[in-house]
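Below you'll find the structure, written out as structure tokens, and then a few comments.
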Amino acid sequence: MHKGVEAKETILEIKDLKLWYKVYKGYSKVLDGVNLTVRKGEKAGIVGEAGCGKTTTVKSILGIIPEKQYLIPKGEIFYKGNDVLKMSEKQINVIRSGEISMIYQEPSAALNPVFTIGQQMMDVVRFSAQGKGKDKKEQQKMVLRAIQDVFIPDPERIFHFYPNQLSGGMKQRICIAMAIMTQRDLMIADEPGTALDVTIQDQVHKTLNTLVEKRNMSLIMITHSLGVARELTDSIHVMYAGNVVESAKTSEMFKHTLHPYTKGLMEAVPRLAGGGIQSGIYGSIPDYLYPPKGCRFAPRCPRVTKECLERKPEFTDVGGGHKAACFHI
Amino acid sequence: MEETILRIKNLKQYFNIGNKHGKTVYVKAVDDVSIDIKQGEVIGLVGESGSGKSTIAYSVIGMYEPTDGKIIFNGQELNVKGKKRALQMKKDLQIVFQDPGSSLNSYQTIKEILELPLKVHKICKNKGEREQRVKELLEMVELPENYMFKSPGSIGGGEKQMVAIARALATEPKFIILDEPTSALDVSIQAKIINMLLKLRKEKNLTYLFITHDLSLMRNIATKVAILYLGKVAEIAPAEEFFRKPEHPYTKMLISSIPVISEEEEQLKPDKVESTGEIPSPVNVPPGCSFHLRCAYRMERCKTEDPVMHPIDKNHSVRCHLCINML
């Protein structure tokens with residue numbers, strides 16, 4: 001067992017979270033029991049394909065899904081010991097403004113095109129726990145320092161720019177700057193590099209990594225790329241169709257892959273070493289309106305048995321903190 | 001294998017984007033690109049966004065009229081001014097687009113989509129024959145027959161791309177352009193589509209021009225790789241050699257930026273070249289070598305003089321002052 005991380009206190013714990021979206025035909029049962037633990041100073045990666053509920057999971061932590069659209073039939077989200085789901089709007093706002101920050105996938109959609117970078121960042125400072133009540137000059141200083149922190153030269157000039165005057169990589173850096181402007185304990189990054197080119201992605205990830213480490217923050221990194229997760233995270237949680245199917249320390253995950261889905265995913269990644277591409281995984285993600293009764297991966301699984309189709313496997317510890325939800329391991 | 005099927009010769013594609021101070025401003029999307037493609041090859045065009053990879057594809061397929069240069073397919077020039085392309089030429093060249101969601105008409109059934117090229121090229125005589133052919137095409141891409149009556153909206157992204165591939169195959173082409181066919185899809189589905197494309201290539205003796213930004217994908221399917229940077233080819237080499245000893249500093253930077261999933265692959269990366277800077281706007285291409293602003297090895301000469309393509313091996317060419325100096 002890895003002691004350095006194990007010993008530290010838990011900052012976020014999601015327990016058996018189920019979330020259903022209300023749609024015309026009924027309930028789209030997107031999250032089906034998500035279990036996730038993030039410790040202080042840990043960099044956790046959530047890996048999964050499109051539509052597996054990665055983004056929904058992190059959005060529910062901050063409570064930013066419009067209330068009318070969903071229902072949580074079961075589950076708890078503990079942030080520093082308190083259940084976020086039971087909090088009032090006022091209590092959640094304290095967390096949003098001073099505890100957790102989030103970076104979105106598409107930087108051009110996250111920034112408002114009709115306000116300058118400076119105006120938008122000043123707003124963030126004004127409503128944050130640390131910036132509240134300070135005078136304008138000091139708030140501006142905080143903004144300029146944040147822009148400098150993400151390695152953008154000449155912050156005074158950038159301050160008066162509109163988002164469209166910046167490149168994609170720059171915009172994403174500004175989003176990171178907004179997220180780290182005031183001291184936060186947990187950062188959620190939702191595919192921060194996906195919309196960018198590889199060389200730019202590499203730079204953005206490095207910036208993010210440096211800042212998170214320097215400020216001793218915890219990080220939840222959402223990505224669909226196992227390669228990105230391997231380079232940036234301490235632990236990996238693989239999601240499939242609304243479940244965390246396997247979670248382990250990053251090095252352990254790549255050494256001993258247990259779940260058939262994770263195995264399939266790893267085999268499907270094209271290797272730099274060559275040697276062709278494996279067959280991939282047959283089929284597609286289930287319809288969330290009518291999800292399979294047993295294991296949600298069963299219809300696509302190469303090792304499926306009768307039991308899988310009838311009963312949902314328990315998410316269990318197989319030793320050393322390596323957890324998986326499958327009958328065949 | 002030896003016969004050249006497509007020859008792109010000094011292709012230039014400039015776009016007029018308006019006037020500034022009385023002068024017309026051009027975006028040089030493709031600037032003097034030459035590539036020879038032999039029968040049966042899979043050519044990988046790799047580059048970051050704005051490097052001109054899709055523009056080359058669109059020029060070949062005939063969506064743009066080239067500003068300058070020639071594209072010769074099977075010994076015939078493709079773009080003759082004032083002349084329409086012969087139907088036969090269109091039949092032999094097909095394209096699969098990046099996003100199957102927007103390249104398939106959502107108001108038509110799969111059958112209608114697949115029948116259109118058959119009608120245009122008068123491949124089948126009557127209705128019954130056409131239906132038979134549609135069934136064959138679906139079988140080729142391993143989709144069940146009853147998909148004929150579905151609409152693109154009701155099937156998954158991977159399946160949509162399969163239909164797009166089937167449509168490209170409908171006219172029995174010799175050459176297919178694949179414009180990032182899997183970048184909108186998940187890896188598990190990507191693997192399936194790539195394997196299918198490789199299988200089809202073998203069966204039908206096809207030649208592919210494969211456009212992508214994913215170098216590790218390229219490693220596994222291409223026989224030859226060309227790296228584009230700001231509309232110019234930076235390096236071109238057979239796939240294996242390309243990854244074994246990349247020469248151009250940009251190639252090295254690209255390869256070392258790829259996130260990989262095993263220690264073995266980590267070893268394959270060239271001595272870590274730190275990725276710095278951003279791709280300049282193609283409107284304002286820097287003077288000299290267009291890469292010199294981001295290059296770790298830049299010399300005085302790079303700031304003023306644009307390097308030319310130079311062979312360093314039989315099939316391996318690089319456009320860099322440094323690499324040529326070291327010969």
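Residue numbers begin at 1 in each chain, while the letters A, B, ... track the order of the sequences. From a predicted model like this one, the values you see are computed outputs, not experimental measurements. Any value given below was found using the heavy atoms of this structure, including those in side chains, with hydrogens, waters and symmetry copies removed.
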Criterion salt bridge (Lys or Arg N to Asp or Glu O under 4.0 Å) on B:Glu263 and A:Lys255, from CA distance to verdict | CA-CA 11 Å; B:Glu263 206 45 55; A:Lys255 249 184 261 159; over 6 Å; no

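B:Glu264 CD: 12 or fewer foreign heavy atoms inside a 6.0 Å radius. Residue-environment remark: CD (A:Glu213) exceeds the threshold of 12 foreign heavy atoms within 6.0 Å. Within 6.0 Å of the NZ atom in B:Lys150, the count of heavy atoms belonging to other residues, nucleotides or ligands exceeds 12. Under a cut-off of 6.0 angstrom, the local environment of CD in A:Gln165 is crowded, with over 12 non-hydrogen atoms contributed by other residues, nucleotides or ligands. The environment of NZ in B:Lys252 is crowded: more than 12 heavy-atom neighbours from other residues, nucleotides or ligands sit within 6.0 Å.
A distance of 3.5 Å separates CD in A:Glu49 from OG in B:Ser188, rounded to the nearest 0.5 Å. The distance from atom OG of B:Ser257 to atom NZ of A:Lys206, rounded to the nearest 0.5 Å, is 7.0 Å. Here CD1 of B:Ile258 is found 11.0 Å from OG1 of A:Thr199. Values are rounded to the nearest 0.5 Å. Taken from OG in A:Ser284 to CD1 in B:Ile155, the straight-line distance is 10.5 Å, to the nearest 0.5 Å.
Using a cut-off of 4.0 Å between Lys/Arg side-chain N and Asp/Glu carboxylate O, A:Arg230 and B:Glu265 are scored as not salt-bridged.
When A:Leu226, A:Ile281, A:Leu232, A:Leu265 are compared by the number of non-hydrogen pairs under 4.5 Å with chain B, A:Ile281 comes out ahead. Of the listed residues B:Leu217, B:Ile221, B:Ile189, the one with more heavy-atom pairs under 4.5 angstrom with chain A than any other is B:Leu217. If you tally non-hydrogen atom pairs under 4.5 Å between each of B:Leu185, B:Asp186, B:Leu254, B:Leu198 and chain A, the highest count goes to B:Asp186. By number of non-hydrogen pairs under 4.5 angstrom with chain A, the leading residue of B:His213, B:Arg219, B:Met218 is B:Arg219. In terms of non-hydrogen atom pairs under 4.5 Å with chain A, the most contact-rich of B:Thr276, B:Leu215, B:Asp214 is B:Thr276.
Neither the backbone nor the side chain of B:Glu159 has a heavy atom closer than 4.5 Å to any heavy atom of chain A. Only the side chain of B:Gln190 comes within less than 4.5 Å of a heavy atom of chain A; its backbone N, CA, C and O stay farther away. Only the side chain of B:Ile194 comes within contact range of chain A, with at least one heavy atom under 4.5 Å from a heavy atom of that chain. Using a 4.5 Å cut-off between heavy atoms, B:Leu268 touches chain A through its side chain atoms alone. If you measure heavy-atom distances from B:Ser281 to chain A, you find no contacts under 4.5 Å at all.
The two residues A:Ile200 and B:Arg294 make their nearest non-hydrogen contact at CD1-NH2, 4.4 Å. Of all heavy-atom pairs spanning B:Val187 and A:Ala268, the tightest one is O-CB, 3.7 Å. Here the closest non-hydrogen pair linking A:Leu272 and B:Phe243 is CD1-CE2, 3.8 Å. Of all heavy-atom pairs between A:Asp202 and B:Ser275, the closest is OD2-OG, 3.2 Å.
Using a 4.5 Å heavy-atom cutoff, the side chains of A:Asp197 and B:Glu278 are not in contact. Looking at A:Gln201 and B:Pro259, their side chains come closer than 4.5 Å, going by heavy atoms from C-beta outward.
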